[in-house]
Amino acid sequence: MTDTSDLLVAENLVRHFPTGKGQIVHAVNDVSLAIAPGETLALVGESGCGKSTLGRMVMGLDRPDKGSVRLLGQDLARIGRRDLHAARRSVQMIFQDPSASLDPRWSAEAIVREPLDNYRIGTPAERRDRVLYLLEKVGLRPDQAKRFPHELSGGQRQRLGIARALATQPRLIVADEPVSALDVSIRAQVINLLCDLRDEMELSLLFISHDIGVVSHISDRIAVMYLGRIVEEGKTATVLNAPQHPYTAGLLDSVPRPRPSERRQRAPLEGDPPSPITLPAGCAFRPRCPIAIDLCGRSVPPLGATGAGRQTACHRAGETTVQEISHV
């Protein structure tokens with residue numbers, strides 16, 4: 001459900017990629033989502049489910065085959081190159097691997113200044129002040145402004161990537177697996193930094209991750225994606241405490257526990273996702289689902305309301321809880 005006050009509204013997005021063998025990869029299939037000002041929406045799912053492709057469409061880096069992406073009322077899939085360039089000032093991206101996304105030939109100062117130069121924001125002196133301010137905001141020292149990416153640690157490089165994303169004062173940040181390439185000891189620091197910056201600068205976040213445990217600390221809402229489709233969406237606490245889709249339940253039970261001896265409520269996910277080239281008939285999760293029925297093989301379940309602010313794409317949603325079904 002969308003609202004006229006939403007910052008971002010994506011509707012019925014479809015993105016397919018042809019292969020060299022004449023086949024089609026169904027990366028994103030009829031996905032809709034909305035993000036309100038100041039809100040963090042987490043997009044979670046296993047690798048290859050289409051999360052990053054969806055993020056690139058939200059950024060305007062990849063145009064959908066069908067559907068629309070409206071940022072502040074502008075459809076990024078329909079506007080021209082000049083207008084798209086202007087619109088991207090309001091939406092910036094933090095990439096997964098800072099080592100690959102930062103130019104190794106440029107200093108930290110030059111990397112953060114590039115968006116300011118690109119959009120001709122301020123005078124040269126104002127740009128330098130802005131760069132030093134942003135480096136300080138993300139926890140880097142002034143003397144590190146002259147350092148190159150290889151002279152920084154992995155956590156410092158990601159902080160540099162965050163500073164670059166903030167340079168143009170965007171309204172929305174797309175964070176694509178921003179902590180997955182970092183050491184476990186550094187991840188919490190970066191997550192806390194993003195939370196602080198979001199609250200201070202009134203940012204909206206689309207936080208993409210395969211780790212459902214990470215997003216519980218940062219997101220207001222969560223959308224669970226499986227093989228190109230959203231299968232469950234709602235407030236983070238509600239979804240994580242009472243999952244209605246068996247895939248969401250399986251992801252939760254795949255999160256490592258501090259006490260391995262504790263008995264899990266449900267069996268963790270088994271098997272691998274089907275190929276996005278040859279999707280199974282009906283529900284794509286059916287081959288791995290412990291509660292599938294005949295209807296699941298005949299019909300794709302639509303994403304429908306199953307409570308206040310809650311949507312689930314499952315033929316058995318609302319019939320009973322996932323926990324009860326898993327013990328049958």
Side-chain angles (χ1 to χ4, degrees), residues 40 52 55-56 58-62 84-209 211 214-215 217-218:
T40 298
S52 294
R56 289 178 61 83
V58 167
M59 279 288 303
L61 297 175
D62 200 356
L84 180 60
H85 173 76
R88 283 193 183 138
R89 179 174 174 175
S90 298
V91 53
Q92 292 291 309
M93 196 164 196
I94 301 170
F95 296 91
Q96 176 178 359
D97 184 1
S99 299
S101 61
L102 302 176
D103 194 322
R105 301 167 299 177
W106 287 10
S107 67
E109 179 181 3
I111 287 171
V112 179
R113 194 182 63 239
E114 180 191 17
L116 300 174
D117 294 339
N118 191 22
Y119 284 98
R120 300 177 182 178
I121 299 173
T123 65
E126 289 171 339
R127 293 174 194 174
R128 175 169 173 75
D129 290 343
R130 174 74 176 164
V131 168
L132 295 177
Y133 167 78
L134 289 171
L135 292 177
E136 181 183 3
K137 291 299 292 183
V138 300
L140 295 176
R141 303 187 308 272
D143 64 283
Q144 292 175 315
K146 298 299 183 182
R147 295 189 182 180
F148 293 87
H150 72 274
E151 297 177 302
L152 302 174
S153 68
Q156 290 170 338
R157 285 194 292 268
Q158 193 59 294
R159 290 172 184 268
L160 178 57
I162 294 171
R164 178 180 61 182
L166 296 174
T168 62
Q169 296 181 295
R171 299 282 302 278
L172 172 67
I173 295 288
V174 178
D176 188 5
E177 300 273 11
V179 298
S180 64
L182 304 179
D183 293 340
V184 174
S185 59
I186 305 299
R187 291 181 185 181
Q189 297 177 20
V190 175
I191 291 294
N192 290 336
L193 172 64
L194 286 172
C195 289
D196 292 342
L197 293 171
R198 174 197 60 192
D199 296 341
E200 180 180 342
M201 299 182 176
E202 299 180 344
L203 295 168
S204 297
L205 290 179
L206 175 60
F207 191 93
I208 301 171
S209 177
D211 189 342
V214 168
V215 303
H217 302 291
I218 193 172

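E200 and K137 are joined by a salt bridge, as a carboxylate oxygen and a charged side-chain nitrogen come within less than 4.0 angstrom of each other.
Judged by distance alone, with hydrogens and angles left aside, the side-chain atoms of D103 form a donor-acceptor pair with the main-chain N or O of R105 at under 3.5 Å. The backbone N or O of R88 lies less than 3.5 Å from a partner atom in the side chain of Q92, making a donor-acceptor pair. Under the 3.5 Å distance criterion, the side-chain polar atoms of R187 are matched with a main-chain donor or acceptor of V179. At distances below 3.5 Å, not a single donor-acceptor pair connects side-chain atoms of R56 with backbone N or O atoms of D62. At least one donor-acceptor pair closer than 3.5 Å links the side chain of R157 to the backbone N or O of L152. Side-chain N or O atoms of N192 include one that pairs as donor or acceptor with a backbone N or O of A188 at under 3.5 Å. A donor-acceptor pair is defined here as one N or O able to donate and one able to accept, closer than 3.5 Å; such a pair exists between the side chain of R127 and the backbone of I121. In this structure, the side chain of Q158 engages the main chain of F95 through a donor-acceptor pair within 3.5 Å.
Minimum heavy-atom separation, S209 to V215: CB-CG1, 3.8 Å. Closest of all the heavy-atom pairs between Q96 and P98 is O-CD, 3.4 Å. L193 approaches R159 most closely through the heavy-atom pair CD2-NH1, 3.7 Å. Here the shortest heavy-atom pairing between P178 and I94 reads CB-CG2, 4.1 Å. For S107 against K146, the heavy-atom pair with the smallest separation is CB-O, 3.8 Å. In this structure, G55 and I208 approach most closely via the heavy-atom pair CA-CD1, 3.9 Å.
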(request) Check step by step if side-chain hydrogen bond (donor to acceptor under 3.5 Å, both in side chains) holds for R198 and T40. (result) CA-CA 9 Å; R198 174 197 60 192; T40 298; 3.0 Å; yes
(request) Go through I162 and L134 one step at a time and tell me if the side-chain contact (heavy atoms from CB on, under 4.5 Å) criterion holds. (result) CA-CA 9 Å; I162 294 171; L134 289 171; over 6 Å; no
(request) Would you check, one step at a time, whether the test side-chain contact (heavy atoms from CB on, under 4.5 Å) holds for R164 with L102? (result) CA-CA 10 Å; R164 178 180 61 182; L102 302 176; 3.8 Å; yes
(request) Go through E136 and R141 one step at a time and tell me if the salt bridge (charged side-chain N to carboxylate O under 4.0 Å, His left out) criterion holds. (result) CA-CA 6 Å; E136 181 183 3; R141 303 187 308 272; over 6 Å; no
(request) Starting from the C-alpha separation in whole Å, work towards a yes-or-no answer on side-chain contact (heavy atoms from CB on, under 4.5 Å) for V214 and F207. (result) CA-CA 10 Å; V214 168; F207 191 93; 4.0 Å; yes
(message) Using the rule given for side-chain contact (heavy atoms from CB on, under 4.5 Å), can you reason through L160 versus V138, listing the C-alpha separation, both sets of side-chain angles and the distance that settles it, and then say yes or no?
(response) CA-CA 7 Å; L160 178 57; V138 300; over 6 Å; no
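Under the 4.5 Å side-chain criterion, counting only non-hydrogen atoms from C-beta, V112 is not in contact with L132. Using a 4.5 Å heavy-atom cutoff, the side chains of M93 and L61 are in contact. Between Q144 and Q156, some side-chain heavy-atom pair lies under the 4.5 Å cut-off.
L194 contributes atom CG, which lies 13.5 Å from atom NE2 of H217 (distance to the nearest 0.5 angstrom). Here the CE-CD1 distance, from M201 to I173, works out to 9.5 Å after rounding to the nearest 0.5 Å. Between L203 atom CG and L166 atom CG the span is 6.0 Å, to the nearest 0.5 Å. Distance check: D183 CG to S153 OG gives 9.0 Å after rounding to the nearest 0.5 Å. We find the OG1-CZ distance between T168 and R130 to be 8.0 Å, quoted to the nearest 0.5 Å. Taking CD1 of I191 as the reference point, atom CD1 of I186 lies at 12.5 Å (rounded to 0.5 Å).
More than 12 heavy atoms of other residues, nucleotides or ligands sit less than 6.0 Å from atom CD of E151.
Side chain to side chain, R171 and S204 fail the donor-acceptor criterion of an N or O pair below 3.5 Å.
Within the structure, the ring pair (Phe, Tyr, Trp, His ring centres under 6.0 Å) test picks out no pair touching residues 125-173 (sequence neighbours left out).
Qualifying ring-ring contact (aromatic ring centres under 6.0 Å, His included) partners for Y119, counting only residues two or more places apart in sequence or in other chains: H85.
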